[in-house]
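Chain naming here is simple, since letters A, B, ... match the order of the sequence lines and numbering starts at 1 in each. Only this structure's heavy atoms are used, side chains among them; waters, hydrogens and symmetry mates stay out.
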Amino acid sequence: MKKVFALVDCNNFYVSCERLFRPALNGQPVVVLSNNDGCVISRSNEAKAMGIPMGEPYFKLRSFALRRNVHIFSSNYALYGDLSARVMDVLHRMEAELEVYSIDEAFLSLPGGDSWNRLDYGAELRERIRKEVGIPVSIGIGPTKTLAKIAARVAKKEVPAGSGSQGVFELACEGQTDAVLEQTDVQDIWGIGSRFTARLNRQGIYNGLALKKADADWVRKYLTVVGARVVFELNGISCLPLEKAPTSKKSIVTSRSFGQPVTAISDLREAVITFASRAAVKLREQQLEAGALHLFLATSRFGEPSNVYSNGQTMSLADPTSSTPALIATALHCLQGIYKSGYRYQKAGVLLTGLVPQGHRQQSLFFLETAENKPLMSALDQINSRWGADTIRYGVTGAGKSWEMRQSYKSPAYTTNWQELPVVKASFDK
DNA sequence: TCTGGGGTCCTAGGACCC
DNA sequence: TCTGGGGTCCTAGGACCC
């Protein structure tokens with residue numbers, strides 16, 4: 001039996017997470033900001049209706065938001081990650097063929113054919129997630145992942161009468177698919193970003209139906225195999241399989257914009273040490289070791305021309321490692337190499353590459369096990385996991401934190417931190 | 001004053017080898 | 001003065017995603 005794809009997509013996910021603990025915000029305009037309270041990354045329908053664009057910098061929005069009573073949140077990834085896991089858990093229990101695609105999306109593989117009603121099944125999934133977790137989702141169904149994505153967009157907006165229940169939509173036949181594709185701008189299709197959109201528009205291709213019928217050789221040449229796959233998928237030929245097993249990471253990044261510009265190398269050192277420590281923890285969580293470390297720093301992209309500098313340096317590690325002190329030392333060495341005084345730095349980060357599974361490495365001739373601090377790292381991780389992140393950390397990460405990011409509107413970690421559990425009276429707040 | 005962070009894949013071009 | 005061709009591997013940069 002031929003399979004079809006379903007995409008389960010959480011509606012306005014971060015906003016929905018915040019509303020779960022502040023039900024009075026239902027029906028109100030709400031937005032969630034990126035790290036550093038930089039720009040808008042999630043909007044309630046009411047905020048969308050007000051014309052607040054995705055990605056809008058918060059400083060441009062502030063006075064409008066105040067005037068129009070838009071509720072603002074800093075992002076709270078502990079909360080979103082936990083609720084995401086609960087949604088995925090419901091899906092896991094309902095459906096074996098599952099790919100967790102992102103924090104708020106999952107693909108399912110469902111039996112095709114006319115013998116059963118996928119719309120009813122989708123409605124049941126939706127209801128289960130609403131009841132057990134409280135997050136609203138939309139579900140799109142189609143013969144390929146790309147078409148399932150497009151179906152989910154339709155489900156999220158408005159389902160044409162008679163072709164799906166609330167929040168669930170299926171692209172079942174060619175005529176219906178073409179009608180929807182004609183109404184879909186190319187930039188709204190999965191895999192078509194701003195550059196590809198510009199190239200397509202120059203060719204007179206503006207909607208999904210035109211892209212579906214585009215000349216294959218032209219697409220292959222100017223949009224690479226990536227674009228060619230999109231065209232196949234629009235034609236109902238599946239090129240993107242369901243990836244059930246999560247693949248092992250190929251790189252790990254820890255980077256931040258600073259809450260305020262940083263000039264002193266001493267402050268940069270603190271930041272870099274913090275990033276390297278955090279990256280080391282992520283590495284050990286994944287049971288990986290890094291073969292190389294890349295440090296980068298940059299001034300603001302929007303600042304005055306006299307303050308433009310960005311640079312990075314990569315160093316390979318003699319032996320792959322996940323040891324915090326080894327990674328800190330390497331990062332600091334890179335910093336020494338690229339730091340230039342006189343600039344106001346806005347961002348820095350540590351990128352780990354050449355990742356290999358723990359213990360599967362090739363050891364160099366001069367490898368010293370004692371340099372690894374294995375038992376120490378494992379003790380540190382256990383204590384921090386039991387008592388909270390940063391219970392124990394390297395003293396050199398500093399206490400001043402002049403560079404720390406802004407988070408002026410952060411909600412409590414309701415579900416992952418006992419200290420931030422709402423007290424009983426708060427749960428009766430209106 | 002204030003514009004995110006963390007990923008993947010693809011391609012072109014250089015280094016290097018025989 | 002003339003100065004191959006084909007293959008692989010690596011990396012930087014571009015493009016995309018959420």
Side-chain angles (χ1 to χ4, degrees), chain A residues 7 9-14 31-43 53-63 65 72-77 80-81 84 99-107 145-146 149 152-153 186-200 220-230 239-240 243 246-261 275 278-279 282-283 286 291-292 294 296 298-304 307 310-314 316 344 346-355 405-409:
Chain A
L7 177 71
D9 192 347
C10 300
N11 298 347
N12 315 329
F13 182 55
Y14 298 168
V31 304
V32 175
L33 303 178
S34 64
N35 271 331
N36 218 26
D37 293 343
C39 47
V40 173
I41 53 170
S42 182
R43 306 162 294 160
M54 189 68 166
E56 176 83 341
Y58 175 55
F59 72 90
K60 287 186 182 171
L61 179 72
R62 183 177 298 131
S63 68
I72 307 286
F73 287 91
S74 302
S75 35
N76 182 349
Y77 288 104
Y80 311 150
S84 170
E99 171 188 345
V100 176
Y101 173 67
S102 74
I103 195 165
D104 67 339
E105 287 170 73
F107 285 104
K145 281 183 166 181
T146 305
K149 276 269 206 184
R153 281 188 83 244
V186 284
Q187 66 259 34
D188 294 328
I189 292 170
W190 193 38
I192 306 297
S194 61
R195 300 303 182 99
F196 283 8
T197 296
R199 269 174 232 177
L200 286 167
R220 176 65 186 81
K221 183 163 179 203
Y222 293 102
L223 268 43
T224 78
V225 295
V226 178
R229 276 199 288 257
V230 173
C239 307
L240 305 167
E243 314 268 2
T247 52
S248 180
K249 284 203 189 314
K250 299 185 171 83
S251 66
I252 286 175
V253 180
T254 301
S255 73
R256 287 287 177 279
S257 291
F258 303 133
Q260 55 196 69
F275 300 158
R278 178 72 196 120
K282 290 187 200 170
L283 206 48
Q286 307 270 326
H294 178 82
F296 59 92
T299 57
S300 172
R301 290 175 296 155
F302 304 95
E304 62 277 31
N307 187 53
S310 84
N311 206 348
Q313 185 172 324
T314 306
S316 55
R344 304 165 68 242
Q346 194 250 341
K347 180 175 181 168
V350 165
L351 167 67
L352 303 176
T353 55
L355 307 187
M405 67 177 175
R406 286 185 300 277
Q407 285 187 301
S408 305
Y409 313 100

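Dashed line: the shortest gap from a side-chain N or O of Arg256(A) to OP1 or OP2 of dG6(B) is under 4.0 Å. For the pair Ser255(A) and dG4(B), the criterion of a side-chain N or O lying under 4.0 Å from OP1 or OP2 is not met.
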(request) Report the C-alpha separation of Val40(A) and Val32(A) in whole Å, then their side-chain angles, then the decisive distance to 0.1 Å, and conclude whether the side-chain contact (heavy atoms from CB on, under 4.5 Å) test is met. (result) CA-CA 6 Å; Val40(A) 173; Val32(A) 175; over 6 Å; no
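Residues Lys250(A) and Thr353(A) have side chains that never bring a donor and an acceptor to within less than 3.5 angstrom of each other.
With a 3.5 Å limit on both pairing distances and Watson-Crick or G-U wobble geometry required, the stems of 3 or more pairs in DNA chain C span B:5-18 with C:5-18.
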(request) List the protein contact pattern of nucleotides 10-18 of chain C with one symbol per nucleotide (5' to 3'): B for base contact, S for sugar-phosphate-only contact, - for none; contact means a heavy-atom distance under 4.0 Å. (result) -----SSSS
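The ring-ring contact (aromatic ring centres under 6.0 Å, His included) search around Phe73(A) returns none, not counting sequence neighbours. Residues passing the salt bridge (Lys or Arg N to Asp or Glu O under 4.0 Å) test with Arg256(A), sequence neighbours excluded: none. Listed by chain and number, the residues in a ring-ring contact (aromatic ring centres under 6.0 Å, His included) with Tyr58(A) are Tyr409(A) (sequence neighbours excluded).
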Side-chain donor-acceptor contacts of residues 188-195 of chain A below 3.5 Å, not counting sequence neighbours, with atom names and distances?
{"residue": "Asp188(A)", "atom": "OD2", "partner": "Arg153(A)", "partner atom": "NH2", "Å": "3.4"}
{"residue": "Trp190(A)", "atom": "NE1", "partner": "Tyr101(A)", "partner atom": "OH", "Å": "3.2"}

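Geometric assessment of Lys145(A) against the ring of Phe107(A) yields a positive cation-pi assignment under the 6.0 Å and 45° thresholds.
Comparing dT3(B), dT1(B), dT8(B) by their nearest atom to the side chain of Ser251(A) picks out dT8(B). Among the nucleotides dC2(B), dG4(B), dT8(B), the one closest to any side-chain atom of Lys249(A) is dT8(B).
Nucleotides dT3(B) and dC17(C) place their P atoms 24 Å apart, quoted to the nearest Å.
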